[in-house]
Amino acid sequence: MDPRSLTPVLRVLRLCLHLLLAGLLALAALRADSAGGVALAALTGAVYAAGSFLPSVQESRRAAGVWLGVLCASWLALLWLTPEGLWVAFPLYFLQLHLLPVRWSVPSVALTACAAILSYVRHGAPLNPGVFIGPLLGAAVAVATVLGYQALYRESERRRRMVEELIATRAELAAAERHAGTLAERERLAREIHDTLAQGLSSIQLLLRAAERTLPEGSPAAGHIERARRAAQDNLAEARRFVRALSPPDLAHGSLAAALERLCEPGAAGTAATGPDGTGPAGTERDGTAPAGTGPRVRFSMSGTPVELPTPYEVALLRIAQSALANTVRHASAARAEITLSFMDASVTLDVVDDGKGFDPARVASSAEGGFGLPAMRSRAESLGGTFAVESAPGQGTAVAVSLPLPVTLPVPLPTGVST
């Protein structure tokens, strides 16, 4: 292990291990009966010191294994000459557990404990329970300490990674919420401008046109009314440009039908359907087949005579379709889904039907764990005076139906070049 990577606590423990081994080797040298024992104690200390300072031992697992083998061999030679060397077994336990993988370290610790016991018996010391209990108990304590610390370290690392992932997820969520808030505010401003400012300017223009027709020939007010009408017309066009600029990106490059078609493309609204391009006028269809296991096949169809819808209507229908398809992909396990947009005399309807596993709408509505998707879709529909219905049963698929009343237009004919 690189000493630079050690925490202060581990540095202290490492220093204590050095001091413990040095003290036990000094004790073995002092109590040795021969010069050979003193020499082997010094040799063992030298080998240990060399491994503590050699960079190759600290950086290479193979070099560390070789060093540990030499250290254990010198310790066994010390045991052969004097029984006092058995106390060095305790710090060797920690070295073996630290440098070797678990499948090798635990057997090595057991063999080291047995060698210490056999050395004590070989030198003719009186037998007692402590001869066996001491080395074995020390080995058990070392194994429990090191393996317990390693388990705590792994748990700490796992929690650290979880905290890092949580911080990253919170940042992504905050960015998504800011983006969603921006889109919601854009939609709100577009709706307000369309429903108030644009409609007011359109009414002013119509009234000025009517007043212009009732003026007598050569009236001095005719010029002022004409200028006021043109100013209202110019500002109405500017207001509509604002509405188009604030509309959702999904509707920025085409009609509602085109946006609904794009939901059938791979990855759109969580679906995975592909198919031939092109959707014609009323009654045409778009059908796509997803690769196996990637999502339901999605088909889009349109009926009736399409009419231009206000921006709030298009936004609400598009968002409801996206949410319904997302629920189909996440929860229904469906093989097929169909989006139908129908224009009628007094209303426009949107139906999203799938052949998935279905659910009990009453149970979901009464459950405290019910999602936000269905209430949000219902709220969008009802905010525009429409209706929202869900028909489903376990094993029978799901049908989501939205109906919005078409807005009533003014019967006054508009002059050429003025649009509603």
Between Val307 and Leu309, is any pair of side-chain heavy atoms under 4.5 Å apart? yes
Atom OG1 in Thr349, atom CG in Leu341: separation rounded to 0.5 Å? 7.0 Å
Do you know the tightest heavy-atom contact between Leu256 and Glu314? CD1-O, 3.6 Å
Report the C-alpha separation of Met302 and Phe300 in whole Å, then their side-chain angles, then the decisive distance to 0.1 Å, and conclude whether the side chain to side chain contact (heavy atoms under 4.5 Å, CB included) test is met. CA-CA 7 Å; Met302 183 172 60; Phe300 170 74; 4.2 Å; yes
Reported CZ-to-CD distance for the pair Arg262 and Gln322, which is rounded to 0.5 angstrom: 10.0 Å
My understanding is that only one of Leu404, Thr340, Leu260, Leu318 makes a side chain to side chain contact (heavy atoms under 4.5 Å, CB included) with Leu350; could you say which? Leu260
About how many Å separate CZ of Arg229 and CD of Gln205, when rounded to the nearest 0.5 Å? 6.5 Å
Looking at Ala324, is its backbone amide N or carbonyl O close enough to the side chain of Thr328 to form a donor-acceptor pair, meaning the two atoms are under 3.5 Å apart? yes
Where do Ala321 and Val352 come nearest, in terms of heavy atoms and distance? CA-CG2, 4.4 Å
Taken to the nearest 0.5 Å, the spacing of Leu317 CG from Ile339 CD1 works out to 11.5 Å
Inspect the surroundings of CD in Glu382 and state if more than 12 heavy atoms from other residues, nucleotides or ligands are less than 6.0 Å away. yes
Closest non-hydrogen contact found for Ala228 with Leu208 is C-CD1, 3.5 Å
Carefully, step by step, assess Thr398 and Val353 under the rule side chain to side chain contact (heavy atoms under 4.5 Å, CB included). CA-CA 6 Å; Thr398 302; Val353 182; over 6 Å; no
Mind listing the closest non-hydrogen atom pair of Val315 and Arg380 along with its distance? CG1-NH1, 4.2 Å
Given side chain to side chain contact (heavy atoms under 4.5 Å, CB included), test Leu406 with Val348 step by step and report yes or no. CA-CA 7 Å; Leu406 292 177; Val348 56; 4.2 Å; yes
Can you confirm whether more than 12 heavy atoms, excluding those of Arg158, are under 6.0 Å from its CZ atom? yes
Val390 side chain reached by Phe359 side chain, heavy atoms, under 4.5 Å: yes
Spacing of Leu76 atom CG and Leu92 atom CG [to the nearest 0.5 Å]: 9.0 Å
Any donor-acceptor pair under 3.5 Å from Tyr313 side chain to Pro405 backbone: yes
Look up atom CG in Leu147 and atom CD in Gln150, then write down how far apart they are to the nearest 0.5 Å. 5.5 Å
Short side-chain to backbone donor-acceptor contact, Asp355 and Ala335, under 3.5 Å: yes
Contacts of Ser108 meeting side-chain hydrogen bond (donor to acceptor under 3.5 Å, both in side chains) (sequence neighbours excluded), chain-then-number -> none
Between Ser303 and Ser342, is any side-chain donor less than 3.5 angstrom from a side-chain acceptor? yes
Residue pair Thr305 / Phe343: nearest heavy atoms and the distance that separates them: O-CB, 3.3 Å
Could you walk me through whether Val298 and Leu263 pass the side chain to side chain contact (heavy atoms under 4.5 Å, CB included) test, one step at a time? CA-CA 8 Å; Val298 182; Leu263 291 182; over 6 Å; no
Can you name the nearest heavy-atom pair linking Arg378 to Phe388, along with the distance? NH1-O, 3.3 Å
Are Ser301 and Glu338 packed together at the side-chain level, in the sense that at least one heavy-atom pair is separated by less than 4.5 angstrom? yes
Is it true that a side-chain atom of Ser323 and a backbone atom of Arg319 form a donor plus acceptor pair closer than 3.5 Å? no
Look at the side chain of Ser392 and the backbone N and O of Gly397, then say whether any donor-acceptor pair between them is shorter than 3.5 Å. yes
Name the atoms and distances for all side-chain donor-acceptor pairs under 3.5 Å in residues 162-176, with sequence neighbours left out.
| from | atom 1 | to | atom 2 | distance (Å) |
| --- | --- | --- | --- | --- |
| Glu164 | OE2 | Arg160 | NH1 | 2.7 |
| Thr169 | OG1 | Glu165 | O | 2.7 |

Between Arg230 and Gln233, is any side-chain donor less than 3.5 angstrom from a side-chain acceptor? no
